[in-house]
Asker: 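Have a look at this one before I ask anything.
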Amino acid sequence: MKTNDRDFDELLGQALSREEAELFQRLGKPSVFDLVTDTFRGSMRWLNILGYVFTIVLFGLGIVCLVGLLGTEHPPTMLRWGLGFGFCLLSVTALKLWFWMEIHRHSILREIKRVEFQVAHLAAQLREARLVPDPRGDEPGR
């Protein structure tokens, strides 16, 4: 059975009770802006801010190197400006890849938390139905 994310979300919504479906809908999928701002929260906030500042600085330096490269006719100077531009281009690319990996990490953590929530909710329902023992020491059927 092939399904895409939208079909899966609809099937999941049908399988859940109305309360659970509303809560699941409120959790929803975050926008790209939400995912980007999530990288500036949490324990690695300062490292991400520093990486973002380096990206902006290296991008500006790359533009300066490109202007210097296009403005000279002396081959050794062209080589220096070209190497500077190449270094800045590769550095900005590496930092952007790192940010996208951070965004994916936050997205995966969000989905894991959603699954944990569903498991906790299921465990609470099973305890209410007395199908599993209560971790506080109550036995099923009491």
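Note that the coordinates shown come from a computational prediction; the quantities given were computed from them, not determined experimentally.
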Asker: Got W46 and L50 here, is their nearest side-chain heavy-atom distance under 4.5 Å?
Answerer: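 The answer is no; the side chains never approach within 4.5 Å.
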Asker: Taking all non-hydrogen atoms of both residues into account, name the closest pair between G51 and L95 and its distance.
Answerer: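 The pair with the smallest heavy-atom distance is O-CD1, 4.0 Å.
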Asker: I need the I103 CD1 to I108 CD1 distance, nearest 0.5 Å.
Answerer: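 If I round to the nearest 0.5 Å, the distance is 12.5 Å.
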Asker: Please tell me whether Y52 and M101 are part of a single hydrophobic cluster in this structure, the criterion being side-chain heavy atoms less than 4.5 Å apart.
Answerer: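 Result: yes, single cluster for both.
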Asker: Same cluster or not: are L35 and L109 linked, directly or through other Ile, Leu, Val, Met, Phe, Trp or Tyr residues, by side-chain heavy atoms under 4.5 angstrom apart?
Answerer: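 L35 does not cluster with L109.
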Asker: Go through it in stages, so that I can follow the logic: the residues are S31 and D34, the test is side chain to side chain donor-acceptor pair (under 3.5 Å), and I'd like the CA-CA distance, side-chain angles, deciding distance and then a yes or no.
Answerer: CA-CA 5 Å; S31 67; D34 292 335; 3.3 Å; yes
Asker: Who pairs with E116 by side chain to side chain contact (heavy atoms under 4.5 Å, CB included), at least two apart in sequence or on another chain?
Answerer: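 So E116 forms a side chain to side chain contact (heavy atoms under 4.5 Å, CB included) with I112, K113.
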Asker: Measure the spacing between CG of L58 and NZ of K96 and express it to the nearest 0.5 Å.
Answerer: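 Answer for the CG-NZ pair, L58 versus K96, is 11.5 Å.
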Asker: Quick check: is V64 connected to I56 through a chain of hydrophobic side chains (ILVMFWY, heavy atoms under 4.5 Å apart)?
Answerer: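 In one cluster: no.
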Asker: Can you measure from CZ (F59) to OG (S91) and round to the nearest 0.5 angstrom?
Answerer: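 Nearest 0.5 Å value for the CZ-OG distance: 13.5 Å.
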Asker: With a 4.5 Å limit on heavy-atom distance, are the side chains of L61 and F87 in contact?
Answerer: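 No, their side chains stay 4.5 Å or more apart.
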Asker: Output the distance between atom CZ (F54) and atom CG (L47), rounded to the nearest 0.5 Å.
Answerer: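 One gets 9.5 Å once the value is rounded to the nearest 0.5 Å.
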Asker: Of all residues at least two apart in sequence or in a different chain, which pass the side chain to side chain contact (heavy atoms under 4.5 Å, CB included) check with N48?
Answerer: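 Checked N48 against side chain to side chain contact (heavy atoms under 4.5 Å, CB included); matches are T39, F40, M44, W98, F99, E102.
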Asker: In Å and rounded to the nearest 0.5 Å, what is the CG to CZ distance from L69 to R80?
Answerer: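 Those atoms lie 13.0 Å apart.
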Asker: Measuring only between side-chain heavy atoms, which start at C-beta, is E111 closer than 4.5 Å to V115?
Answerer: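 Result no, sub-4.5 Å side-chain heavy-atom pair not found.
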Asker: If every non-hydrogen atom of C65 is compared with every non-hydrogen atom of G84, which pair is closest and at what distance?
Answerer: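 Smallest interatomic distance, heavy atoms only, reads SG-C, 3.8 Å.
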Asker: Nearest 0.5 Å, please: how far is CG in L90 from CZ in F85?
Answerer: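 So the gap between those two atoms works out to 9.5 Å.
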Asker: With respect to D38, which candidate in R105, R110, H106 satisfies the side-chain hydrogen bond (donor to acceptor under 3.5 Å, both in side chains) definition?
Answerer: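 Looking at R105, R110, H106, the match for D38 under the side-chain hydrogen bond (donor to acceptor under 3.5 Å, both in side chains) is R110.
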